[in-house]
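Presented below is the structure to which this report refers.
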Amino acid sequence: MKIFIRFICMFILLSFSGCKAFSLDSVPYVISGEFEMEDGSADYSICGVNFYLLNQHEKNISKINIVFFLFDQDGEPACECRSKISVEIKLDIEAGESTVFCMSLDQFMNSVPEYPLLVDYLYLAKIEYEDGSVWEDPYGLTAFR
């Protein structure tokens, strides 16, 4: 009986201590990304990813660390490059504003993909704000909540 009571007390303690850390209200951004491979692009030679990013925070963003994985059409890790990509990008995004930008994947590619790749498990591992404060989610725990 004592073990059961300890279990219930531990469950209640952990339930209340972790709720705010991973609630949707605490995620300060919305992001999406789509693989792009068009001839004659000014943003890349081989391919890139088009991103849409909305700053949901009341502070202005100055830099982000964006993380995502690339997969082929069968859901396998892309053999043309390493499948996990992590890049720091300097951006100026006002509070409540959104931006669209293209990031070149040329530096990560070993060869030209035969088919378009899929962007998956896309998240921001770190956001730096103009005032010097930082929001972090290094493992992408809030990416799909």
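By convention here, the first residue in the shown sequence is residue 1. Both backbone and side-chain heavy atoms feed into the values below; hydrogens, waters and symmetry mates do not.
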Indicate every side-chain donor-acceptor pair of residues 66-74 with a distance under 3.5 Å to a residue at least two apart or in another chain.
unit_1 : atom_1 : unit_2 : atom_2 : d
D72    : OD1    : D74    : N      : 2.9
D72    : OD1    : G75    : N      : 3.1
D72    : OD1    : E76    : N      : 2.9
Q73    : NE2    : P116   : O      : 2.4

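- Open room surrounds CD on E34; 12 or fewer heavy atoms of other groups in view lie less than 6.0 Å from it.
- With hydrophobic clusters built from ILVMFWY side chains whose heavy atoms lie under 4.5 angstrom apart, V27 shares a cluster with L124.
- With a 4.5 Å cut-off on side-chain heavy atoms, F35 and L105 count as touching.
- Listed by chain and residue number, E36, Y44 satisfy the side-chain contact (heavy atoms from CB on, under 4.5 Å) test with E38 (two or more places apart in sequence, or in another chain).
- Donor-acceptor pairing under 3.5 Å is recorded for the side chains of N65 and S86.
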*Do S32 and F51 pass the side-chain contact (heavy atoms from CB on, under 4.5 Å) test, and can you show the C-alpha distance, the side-chain angles, and the key distance before you say yes or no?*
CA-CA 6 Å; S32 64; F51 292 104; over 6 Å; no
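- Inter-residue side-chain proximity for L122 and I31 is flagged as met; some heavy-atom pair is nearer than 4.5 Å.
- Ring orientation note: the planes of Y129 and H57 are tilted relative to one another, at an angle of 30° to 60°.
- Counting only N and O atoms by type, the side chains of K59 and S133 include a donor and acceptor under 3.5 Å apart.
- The side-chain hydrogen bond (donor to acceptor under 3.5 Å, both in side chains) check on N55 picks up nothing, with sequence neighbours excluded.
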*asked:* Checking S62 against K90 for the side-chain contact (heavy atoms from CB on, under 4.5 Å) test, could you report, in this order, the C-alpha distance in whole Å, the side-chain angles of both residues, the deciding distance, and whether it holds?
replied: CA-CA 6 Å; S62 61; K90 290 187 178 187; over 6 Å; no
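- L141 and V134 sit in two unconnected hydrophobic clusters of ILVMFWY residues. Membership requires side-chain heavy atoms under 4.5 Å apart, directly or through other members.
- Considering CD of E114 and SG of C79, their distance stands at 9.0 Å, rounded to 0.5 Å.
- Checked against salt bridge (Lys or Arg N to Asp or Glu O under 4.0 Å), E128 has the following partners two or more places apart in sequence or in another chain: K63, K126.
- Looking at heavy atoms from C-beta onward, V87 lies in side-chain contact with F108 at the 4.5 angstrom threshold.
- Note on residues 76-98: no pairs pass ring pair (Phe, Tyr, Trp, His ring centres under 6.0 Å), not counting sequence neighbours.
- A continuous path of hydrophobic side-chain contacts links L117 to Y121 [ILVMFWY only; heavy atoms under 4.5 Å].
- Expressed to the nearest 0.5 Å, how far CD1 of I89 lies from CD1 of I64 amounts to 4.5 Å.
- Here the CG atom belonging to L53 is positioned 7.0 Å from the CG atom belonging to L91, to the nearest 0.5 angstrom.
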Please list every donor-acceptor pair under 3.5 Å in which a side-chain atom of residues 93-104 meets a protein atom from a residue at least two apart or in another chain.
unit_1 : atom_1 : unit_2 : atom_2 : d
E94    : OE1    : N60    : ND2    : 3.3
S104   : OG     : D106   : N      : 3.1
S104   : OG     : D106   : OD2    : 3.4

